[in-house]
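Here is the structure we will look at.
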Amino acid sequence: MADEPKETLNPFEVAQRQIDRVGKRLKLDPGVLEILKHPKRELTVNFPVRMDDGSIRVYTGYRVQYNDALGPFKGGIRYHWNVSLDEVRALSCWMTWKCSVMGIPYGGAKGGVICNPKTMSKGENERMTRRYASAISIIIGPEKDIPAPDVYTDGQTMAWIMDTISMQMGYAVPGVVTGKPIAIGGSLGRDEATSRGLMYATREAASRLGVKLRGATVAVQGYGNVGHHYARLMAAEQGSKIVAVSDSTGGIYSPDGFDPVKVLAFKEKTGSVQGYPGTKKITNEALLELDVGILAPCALENQITSANAGRIKAKIVAEGANGPTTPEADDILYKRGVTVLPDILANGGGVTVSYFEWVQNLQEFFWTKEEVDSKLEFHMVKAFKSVWETHAKEKIDMRQAAYMVAIARVVEAYKVRGIYP
Ligand code: GLU
């Protein structure tokens, strides 16, 4: 848009810009727009951790509670050396729209700790996690704010947080986090939920666009929890051909395709996907520009920008990551006829099954994997349909359509709740 400032890679500025765009379309009251552009509460914690060599290190962490008009705050915790307050703000903002567009009764939040989990021992990671959990315990809880895994955190991280909060309270509090191991109240299907939801979103888009998934070529950037399950499910359940995947060390490519499960085993053994037999090495950047049917960015923010959007060849971009595409890149892709399935919709299966896990914890009665999967499919298909219809009716890209649906619901909640006092 001509009246917008130059492309920014500051994730919170990106998030605010996305709100502005849709605010105009929805003709929102400027005061309401201002509320939507700011987080409700931000907590910064600096806390000491004793390292294995006896030294003390001070870590900085955040928990940002963006908006709770629709229900308790919800969102993951990220461990990464590039975590910043603005990144956590953006991620908490995106969680708000994600929960809204998925139709689940949560607001949005996010947490992060600036650290390098790759260089930490398990003991150091556990002590850091427990101390961070204790530091943010003043604002989290099953009725207030429910964390979950994100980049470089997992079920074990959630188990330590659940245990720390339970020790503070004096009784077991399973509902304080989701994405827990099954042994302590996790939900069947939560592990693969983000990817299964992403697969359903891809399937819904493909059928509307006339793209055949059987035999379609797929490139996946990022081989963490989201990327590897997505590659596996697309191959196993849709018959697609996985031709490229990557992790933080680089990527692999083979036009004939390969078995994504064997690649995961190889990565677990060697620490990288690169070197997998029968594939050639490619960079993370080159992977994005491959001539494939489906491109799934499943790593970090700002991967598709105005610098490379003109060279993306995929028909469908399925955003497993949060914030992989900038607003400027969105415009370029839309004009070129590339369908972007926006993060807040496409990867909403994770938080949806987190919601199911929390419901099962509160009712203390658990569902089968089949029940979880079919409820997830129902939610994904329903959310996809409302976004698709808005995109077709308003003649806008899927991201703006998803924001329109999500923001309208949050604004409606504000209207009926009113502003206190
Ligand atoms: N971190 C995931 C996300 O970005 C899951 C959040 C959750 O389950 O609360 O959607």
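Both ligands and their constituent atoms are indexed starting at 1 by order of listing. Everything numeric here is computed off the predicted structure, so don't read it as measured data.
- To the nearest 0.5 Å, atoms OH (Tyr403) and CG (Leu26) are separated by 13.0 Å.
- Counting only residues at least two apart or in different chains, ring-ring contact (aromatic ring centres under 6.0 Å, His included) contacts with residues 164-187 are absent.
- Contact residues for ligand 1 (protein heavy atom closer than 4.0 angstrom to any ligand atom): Lys74, Gly75, Gly76, Met95, Lys98, Lys110, Ala148, Pro149, Asp150, Arg190, Asn322, Gly350, Val351, Ser354.
- At a threshold of 4.5 Å between non-hydrogen side-chain atoms, the residues Pro72 and Ile146 count as touching.
- Between Tyr62 and Ile114, the closest side-chain pair of non-hydrogen atoms falls below 4.5 Å.
- The stretch residues 336-350 participates, sequence neighbours left out, in these salt bridge (charged side-chain N to carboxylate O under 4.0 Å, His left out) pairs: Asp343-Arg399.
- Applying the ring-ring contact (aromatic ring centres under 6.0 Å, His included) test to pairs two or more places apart or on separate chains, those with a residue in residues 101-131 are Tyr106-Tyr355, Tyr106-Trp358.
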